[in-house]
K.L.:
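Next up is a structure, given as structure tokens.
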2 protein chains.
Amino acid sequence: MATRLTIGRAAEAAGCKVQTIRYYEQIGLLRRPPRSEGNQRLFAQEDIRRLAFIRHARALGFPLQAIRDLLSLGDEPEQSCEAADAIAKAQLGDVEQRIEYLQALRRELKRMVEQCRGGRIADCRVIEVLSDHAPCEMFNHAVPRSGVGSP
Amino acid sequence: MATRLTIGRAAEAAGCKVQTIRYYEQIGLLRRPPRSEGNQRLFAQEDIRRLAFIRHARALGFPLQAIRDLLSLGDEPEQSCEAADAIAKAQLGDVEQRIEYLQALRRELKRMVEQCRGGRIADCRVIEVLSDHAPCEMFNHAVPRSGVGSP
DNA sequence: CCTAACACCTACAGTAGCTGTAAGTTCAAG
DNA sequence: CTTGAACTTACAGCTACTGTAGGTGTTAGG
């Protein structure tokens, strides 16, 4: 029951473009999958899961290098625990800062939507509220240049 | 006490590169600030706050268009309530999905760090856990192409 | 006052992470 | 066996920066 998928189905499953998958293969994030008689890629379920993981992590703004690090945790389960621990902890700290910031953003957006019920926007404090994190270095690795928005 | 900052100080304050600020000015995300005698930009505190907001939002993976929308909530407080409401609600939905996903990521990272205390990584389930969100369309606009990571 | 060092200026080229297009091949339905 | 969608490679183009070149402004020390 080796239900292998062609690249189009894989892309559909992961919610990304076909070219993105080929790109990930090219830069070594995904293995080079076996090919059909006619030279078409055939992806196993494991490939699809790995791809889905990459897409989710990208959607959250993790750069490919951080994703490479996270993936290495699963790829080399026999590597020293300290190394894995360091990667996981760094990502965890990053994730917690993101959550905190997003919760502040959510509070303010909710407040605005509430206020809107009453007619006009009196005072929009989105910027004030969300820019005042002065000493928070935020993330250690840079934000995706190209839209990490939504795939 | 108009404590205006030169571009270098502004960049330091916001945790970004000098060129990034000039870029934001160029694409109209930041106003063209007043200049000194010698033609150097002088940023007011309000500019810095706006810049800090943009950087935070970018670090979270929001594309510049979404940031433009958020900023417009503050820039045009007299705009129709329906328009503002639509923007705020769309962003709110996006933000809530991000929070949910990040919380799942946090749970799993914590689990790994816990497990790590015990010595070696027995079974790393990071990928399994985070790729199993099959039917979650996640975000509506694409992920930043270029690193939203950290600046 | 003069100069060295450093921050600023414009302009443009290069990078990451995709995304689209062109030109051609393969596969599955009818 | 044909038609058309899905695949192939290759390469150009996009977003959001980032770096570099070549020149000007600003400031600290002598």
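Each chain gets a letter, A, B and so on, in the order the sequences are listed, and its residues count up from 1. None of these values were measured; they are calculated from a predicted model.
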K.L.:
More than 12 heavy atoms of other residues, nucleotides or ligands under 6.0 Å from CZ of Arg31(A): yes or no?
P.N.:
yes

K.L.:
Between atom CD1 in Ile67(A) and atom C1' in dC18(C), what is the gap in whole Å?
P.N.:
13 Å

K.L.:
So what does Leu64(A) hit on the nucleic acid, given a heavy-atom distance under 4.0 Å: a base, only sugar-phosphate, or nothing?
P.N.:
sugar-phosphate

K.L.:
Expressed in angstrom and rounded to an integer, what is the separation of Tyr23(B) atom OH from dA16(D) atom C1'?
P.N.:
4 Å

K.L.:
So which one's nearest nucleotide on DNA chain C is more toward 5', Glu37(A) or Lys17(A)?
P.N.:
Lys17(A)

K.L.:
Please determine if Arg98(B) forms a cation-pi arrangement with Phe62(B), meaning its NZ or CZ atom is less than 6.0 Å from the six-membered ring centre and no more than 45° off the ring axis.
P.N.:
yes

K.L.:
Which value, rounded to the nearest 0.5 Å, describes the distance between Asp69(A) atom CG and Leu64(A) atom CG?
P.N.:
11.0 Å

K.L.:
Which whole-number value in Å describes the distance from Ile21(A) CD1 to dC18(C) P?
P.N.:
12 Å

K.L.:
How close or far is atom P of dT26(C) from atom CG of Leu42(A), stated in whole angstroms?
P.N.:
14 Å

K.L.:
Looking only at side-chain N and O atoms, does Tyr24(B) come under 4.0 Å of OP1 or OP2 in dC17(D)?
P.N.:
yes

K.L.:
Can you tell me if the side-chain N/O atoms of Ser36(B) get under 4.0 Å from OP1 or OP2 in dC8(C)?
P.N.:
no

K.L.:
Would you call Lys110(B)-Glu96(A) a salt bridge at under 4.0 Å N-O?
P.N.:
yes

K.L.:
In whole angstrom, give the distance that lies between atom CD of Glu25(B) and atom C1' of dT10(C).
P.N.:
12 Å

K.L.:
May I have the distance from Phe43(A) (atom CZ) to dA6(D) (atom C1'), rounded to whole angstrom?
P.N.:
13 Å

K.L.:
Between atom CD in Gln26(B) and atom C1' in dT15(D), what is the gap in whole Å?
P.N.:
13 Å

K.L.:
Under 4.0 Å between a side-chain N/O of Arg68(A) and OP1 or OP2 of dG17(C), yes or no?
P.N.:
no

K.L.:
Detail all sub-3.5 Å separations between protein N/O atoms and N/O atoms belonging to nucleotides 7-10 of chain D.
P.N.:
{"unit_1": "dC7(D)", "atom_1": "OP1", "unit_2": "Thr6(A)", "atom_2": "OG1", "d": "2.9"}
{"unit_1": "dC7(D)", "atom_1": "OP1", "unit_2": "Gly8(A)", "atom_2": "N", "d": "2.7"}
{"unit_1": "dC7(D)", "atom_1": "OP2", "unit_2": "Gly8(A)", "atom_2": "N", "d": "3.4"}
{"unit_1": "dT8(D)", "atom_1": "OP1", "unit_2": "Arg41(A)", "atom_2": "N", "d": "2.8"}
{"unit_1": "dT8(D)", "atom_1": "OP1", "unit_2": "Arg41(A)", "atom_2": "NH1", "d": "2.9"}
{"unit_1": "dT8(D)", "atom_1": "OP2", "unit_2": "Arg22(A)", "atom_2": "NH1", "d": "2.6"}
{"unit_1": "dT8(D)", "atom_1": "OP2", "unit_2": "Arg41(A)", "atom_2": "NH1", "d": "3.3"}
{"unit_1": "dT9(D)", "atom_1": "OP1", "unit_2": "Arg35(A)", "atom_2": "NH2", "d": "3.2"}
{"unit_1": "dT9(D)", "atom_1": "OP2", "unit_2": "Arg41(A)", "atom_2": "NH1", "d": "3.1"}
{"unit_1": "dT9(D)", "atom_1": "OP2", "unit_2": "Arg41(A)", "atom_2": "NH2", "d": "3.0"}

